[in-house]
Amino acid sequence: AQTVTQSQPEMSVQEAETVTLSCTYDTSESNYYLFWYKQPPSRQMILVIRQEAYKQQNATENRFSVNFQKAAKSFSLKISDSQLGDTAMYFCAFSYGGSQGNLIFGKGTKLSVKP
Amino acid sequence: KAGVTQTPRYLIKTRGQQVTLSCSPISGHRSVSWYQQTPGQGLQFLFEYFSETQRNKGNFPGRFSGRQFSNSRSEMNVSTLELGDSALYLCASSGGDRVVADTQYFGPGTRLTVL
């Protein structure tokens with residue numbers, strides 16, 4: 001069975017600083033996909049970044065980047081130049097080809113960006 | 001493109017009643033997945049519909065059911081409501097490719113409170 005673990009229930013960071021959120025996963029699948037989703041207090045779940053396991057290059061989206069370590073089954077999210085609007089719950093999620101619409105989520109990390 | 005929409009946004013029911021929630025996917029998306037989000041259990045997959053057929057199902061009792069219409073809109077139904085069914089119910093849509101795990105895009109959710 002696939003599992004996703006986020007070991008940091010809460011984190012805080014000062015505005016303009018950099019923060020890294022951790023995520024580890026367990027799977028025997030070879031063709032899989034990893035995601036970070038953000039859920040602000042308004043509750044709308046928003047895709048932050050996506051990584052295909054077959055790609056060695058780490059995904060980047062503006063201030064958001066990942067450190068994907070396939071052998072270690074680690075998928076951390078780095079947020080650079082943190083902004084107040086980054087305050088949210090961040091969920092790491094896993095899916096694999098053929099999983100038919102089933103995203104497996106971690107428990108989430110509550111990130112607070114302080115002015 | 002319009003995003004995923006869910007109606008109603010908030011719902012209050014009493015134990016024993018039944019409820020129907022609705023989800024309209026992004027135009028062109030054929031897959032709709034449903035998730036239950038609670039503080040204790042986190043995000044859990046309920047089921048996924050693709051082309052009017054349930055393609056995958058999570059570990060929930062038979063009181064939870066769903067369907068999908070020819071225009072890809074989906075409904076989920078919960079019968080004989082229990083207090084533990086109080087949750088945020090999220091709907092997500094994607095293209096539905098069976099091989100590549102499409103990114104899922106989430107709606108704002110329906111907050112169900114069971115009294």
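Naming convention: chains lettered A, B, ... in sequence-line order (proteins, then strands); numbering from 1 in each chain.
Around NZ of A:Lys78, the count of heavy atoms belonging to other residues, nucleotides or ligands within 6.0 Å does not exceed 12. More than 12 non-hydrogen atoms from other residues, nucleotides or ligands lie less than 6.0 angstrom from CG of B:Asn71. Other residues, nucleotides and ligands contribute at most 12 non-hydrogen atoms within 6.0 Å of the CZ atom of B:Arg15.
The CZ atom of A:Phe91 lies 9.5 Å from the CZ atom of B:Phe106; values are rounded to the nearest 0.5 Å.
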- Task: Please step through side-chain contact (heavy atoms from CB on, under 4.5 Å) for the pair A:Leu103 and B:Tyr35, ending with a clear verdict.
- Result: CA-CA 9 Å; A:Leu103 271 173; B:Tyr35 296 84; 3.1 Å; yes

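Of all residues spanning residues 108-115 of chain B, those with a heavy atom less than 4.5 Å away from chain A's heavy atoms are B:Pro108, B:Arg111, arranged by number. Within residues 104-112 of chain A, the residues having any heavy atom less than 4.5 Å from a heavy atom of chain B are, in residue-number order, A:Phe105, A:Lys107. Contacts of residues 5-12 of chain A with chain B at a heavy-atom distance below 4.5 Å are absent; not one residue qualifies.
Residues A:Phe35 and B:Thr103 form a side-chain contact, since some pair of their non-hydrogen atoms from C-beta on lies under 4.5 Å apart.
Pairing each heavy atom of B:Gln104 with each of A:Asn102, the nearest pair is NE2-N, 4.1 Å.
Linking ILVMFWY side-chain heavy atoms closer than 4.5 Å, directly or via other members, places B:Met76 and B:Tyr10 in two distinct hydrophobic clusters.
Judged as a ring pair (Phe, Tyr, Trp, His ring centres under 6.0 Å), the pairs with a partner in residues 3-30 of chain A (not counting sequence neighbours) are, in order, A:Tyr25-A:Tyr32.
Proximity to chain A (any heavy atom under 4.5 Å) is shown, for B:Gln44, by neither the backbone nor the side chain. Looking at A:Gln39, only its side chain comes within 4.5 Å of chain B, counting heavy atoms on both sides. There is no contact between B:Leu46 and chain A, counting heavy-atom distances below 4.5 Å.
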